[in-house]
Visitor: 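Before we start, here is the structure in question, set down as structure tokens.
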Number of protein chains: 2
Amino acid sequence: MTDDTTKRKRQARGEKRMEELLDAAAEVFAAQGYAKASTNAVAAAAGASPGTLYQFFRNKEAIAEALMARYVQRLRAAHGEAFDLSVADLPLADMLDRVIDPIVAFDRANPGFYALLSDPHLSSGLANAKRPAQALMFEQLDRILAKRAPDFPPEARARTAEVAVHLFRGLLPLIMSADEAALPGLVAETKEVLSAYLAPRLSP
Amino acid sequence: MTDDTTKRKRQARGEKRMEELLDAAAEVFAAQGYAKASTNAVAAAAGASPGTLYQFFRNKEAIAEALMARYVQRLRAAHGEAFDLSVADLPLADMLDRVIDPIVAFDRANPGFYALLSDPHLSSGLANAKRPAQALMFEQLDRILAKRAPDFPPEARARTAEVAVHLFRGLLPLIMSADEAALPGLVAETKEVLSAYLAPRLSP
DNA sequence: TAAAAATACGAGCAACTACTCGCATTTACA
DNA sequence: TGTAAATGCGAGTAGTTGCTCGTATTTTTA
């Protein structure tokens with residue numbers, strides 16, 4: 001097996017190089033988009049040579065896959081267990097605070113994540129790498145909805161969760177480009193939207 | 001001036017070729033995305049040679065600009081004057097029917113339009129070409145809001161319109177990939193979302 | 001009809017792409 | 001310390017890209 005992420009014996013130096021290369025990839029992908037970004041530019045941005053890049057990553061796609069995997073890992077760490085089950089019993093507004101705020105902070109702190117997530121023209125391999133990130137938000141919301149409204153038919157509940165996630169993602173471009181001054185108002189309005197959408201579905 | 005769209009003396013044959021090339025560009029852009037699409041592929045999809053393509057379009061960017069301009073023109077024709085002023089007095093649900101349905105139909109009928117509109121990594125020239133299309137929806141909604149709620153402060157009204165447009169665009173991926181059977185329910189839910197968001201802002 | 005202009009072609013070019021390979025240096029480990 | 005493995009480099013390769021240009025054909029125009 002030539003799996004770059006598990007099998008090879010890595011030195012501490014190598015692990016650090018991989019992190020630098022992923023950081024560089026995040027920058028370049030965020031600035032130019034995945035398709036237009038060149039692997040030579042990623043290597044240069046990391047202060048490495050093309051040969052070094054390809055010692056750690058099989059090909060261009062593998063760079064984005066590893067980057068996405070790292071983002072998913074950090075997303076889980078950032079707000080993973082924190083609200084998984086406990087927030088479902090909170091009042092709706094408080095629950096939204098607990099769910100939205102960390103995601104907004106994460107997305108704004110990681111524009112490379114947003115660049116990959118919002119790109120609709122990724123290859124199937126990359127689309128698969130995106131799925132866990134999308135599933136993370138969907139499933140957590142779905143589980144919260146299930147606990148808050150046990151009588152909610154699972155099918156309709158799944159769509160409600162999916163629509164809610166897409167509503168949030170629709171406002172993400174505004175949230176990403178907002179300056180610090182405009183952000184709180186936008187986030188508040190985002191929560192109002194979700195509250196207005198979810199409230200009647202949670203207590204009919 | 002070497003402006004391809006206005007100055008050059010075009011024959012009927014040439015105009016037809018341009019339409020064919022734009023149709024081909026729409027296909028290729030929708031399938032692969034603008035960045036990954038090659039001009040040779042566009043020419044081939046139109047049954048033309050690269051040389052022929054470049055007789056009508058200065059460069060790759062000009063193809064997308066012309067395509068976007070054609071979409072804006074068709075968008076105006078499709079639902080332009082139809083509801084511009086009259087729908088503002090309708091009940092909210094009826095107004096949304098009149099606004100949403102034509103846009104949904106147009107977007108689904110023109111995946112090339114959606115491909116360009118949803119691409120967040122276009123060059124500045126392309127971003128400028130996108131602006132009229134975005135302004136079209138925003139300004140029409142803003143004008144409707146102004147007529148329905150004259151006391152609405154213009155600043156807050158503008159943001160309400162912008163947020164509403166982004167909410168719709170957030171659900172567009174679902175709408176675009178839905179099959180004919182699932183579409184009506186999705187569109188209905190889209191209208192419910194917008195209704196729930198706009199209603200309290202229109203009659204406080 | 002003849003010249004001018006528009007349309008059409010496609011081989012080909014310079015620039016760039018993802019990626020490789022031979023070889024030098026550094027580290028781990030016996 | 002010695003040697004195998006890991007890391008590092010960057011010139012180089014084959015393929016692709018956006019785009020050009022010489023030339024041939026069709027259409028307009030005078």
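Residue numbering restarts at 1 for every chain, and letters A, B, ... go by the order of the sequence lines.
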Visitor: Please report the distance, rounded to the nearest Å, between CD in B:Glu20 and P in C:dT7.
Guide: 13 Å
Visitor: On DNA chain D, reading 5' to 3', which nucleotide is the first and which the last to sit with an atom under 4.0 Å from a heavy atom of chain A, could you check?
Guide: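 For DNA chain D, the relevant span reads D:dA6 to D:dG10.
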Visitor: Residues of residues 39-52 of chain B with any non-hydrogen atom less than 4.0 angstrom from an atom of DNA chain D: list those, numerically ordered, please.
Guide: B:Thr39, B:Asn40, B:Pro50, B:Gly51
Visitor: Kindly compute the distance separating CG (B:Leu145) from CZ (B:Arg157), expressed to the nearest 0.5 Å.
Guide: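 Answer rounded to 0.5 Å: 7.5 Å.
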Visitor: Which pairs with one or both residues in residues 38-47 of chain B pass side-chain hydrogen bond (donor to acceptor under 3.5 Å, both in side chains), sequence neighbours excluded?
Guide: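 Applying side-chain hydrogen bond (donor to acceptor under 3.5 Å, both in side chains) to every pair that reaches into residues 38-47 of chain B, excluding sequence neighbours, yields B:Thr39-B:Tyr54.
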Visitor: Can you pull out every side-chain hydrogen bond (donor to acceptor under 3.5 Å, both in side chains) where at least one residue sits in residues 179-189 of chain B? Sequence neighbours excluded, please.
Guide: A:Arg159-B:Glu189, A:Tyr197-B:Glu189, A:Arg201-B:Glu189
Visitor: Can you list the residues that meet the salt bridge (charged side-chain N to carboxylate O under 4.0 Å, His left out) rule with B:Lys16, with sequence neighbours excluded?
Guide: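 For B:Lys16 there are no salt bridge (charged side-chain N to carboxylate O under 4.0 Å, His left out) partners, ignoring immediate neighbours.
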Visitor: For the pair made of CZ in A:Arg10 and C1' in C:dT27, what is the distance, rounded to whole Å?
Guide: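 Interatomic distance, CZ of A:Arg10 to C1' of C:dT27: 14 Å.
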Visitor: Do B:Leu67 and B:Phe57 make a side-chain contact, defined as non-hydrogen atoms from C-beta onward lying under 4.5 Å apart?
Guide: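 No, too far: nothing below the 4.5 Å cut-off.
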Visitor: Hey, does the side chain of A:Arg58 come within less than 4.0 Å of C:dT20's phosphate (OP1/OP2), counting only N and O?
Guide: no
Visitor: Rounded to the nearest angstrom, tell me the gap between atom OH in B:Tyr54 and atom C1' in C:dC13.
Guide: 13 Å
Visitor: Return no unless some side-chain N or O of B:Arg17 is found under 4.0 Å from OP1 or OP2 of C:dT7.
Guide: no
Visitor: What distance separates B:Ile103 CD1 from B:Gln140 CD, expressed to the nearest 0.5 Å?
Guide: 7.0 Å
Visitor: How long is the line joining CD of B:Gln55 and P of C:dG10, in whole Å?
Guide: 14 Å
Visitor: Mind checking whether A:Asp23 and A:Glu27 have side chains closer than 4.5 Å, heavy atoms only?
Guide: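 Answer no - side chains too far apart.
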Visitor: Tell me which residues in residues 29-36 of chain B put a heavy atom below 4.0 Å from DNA chain C, sorted by number, or none.
Guide: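 Under 4.0 Å from DNA chain C: no residue of residues 29-36 of chain B.
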Visitor: For A:Glu20, give me all partners under salt bridge (charged side-chain N to carboxylate O under 4.0 Å, His left out), at least two apart in sequence or on another chain.
Guide: A:Arg17
Visitor: Tabulate protein N/O versus nucleotide N/O from nucleotides 28-30 of chain C, keeping only pairs under 3.5 Å, one per line.
Guide:
none

Visitor: Which residue pairs pass the ring-ring contact (aromatic ring centres under 6.0 Å, His included) test when at least one of the two sits in residues 113-142 of chain A, sequence neighbours left out?
Guide: A:Tyr71-A:Phe113, A:Phe106-A:Phe113
Visitor: Show me, pair by pair, the donor-acceptor contacts under 3.5 angstrom made by side chains of residues 167-175 of chain A, not counting sequence neighbours?
Guide:
from     : atom 1 : to       : atom 2 : distance (Å)
A:Arg169 : NH2    : A:Leu117 : O      : 3.3

Visitor: Which residues satisfy the salt bridge (charged side-chain N to carboxylate O under 4.0 Å, His left out) test with B:Lys191, sequence neighbours excluded?
Guide: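 Salt bridge (charged side-chain N to carboxylate O under 4.0 Å, His left out) list for B:Lys191, sorted by chain: B:Asp97, B:Asp101.
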Visitor: Apply salt bridge (charged side-chain N to carboxylate O under 4.0 Å, His left out) to B:Asp107 and list each qualifying residue two or more places apart in sequence or on a separate chain.
Guide: none
Visitor: Can you tell me how far NE2 of B:His166 sits from CE of B:Met137, rounded to the nearest 0.5 angstrom?
Guide: 10.0 Å
Visitor: In whole angstroms, how far is the P atom of C:dT20 from the CZ atom of A:Phe56?
Guide: 15 Å
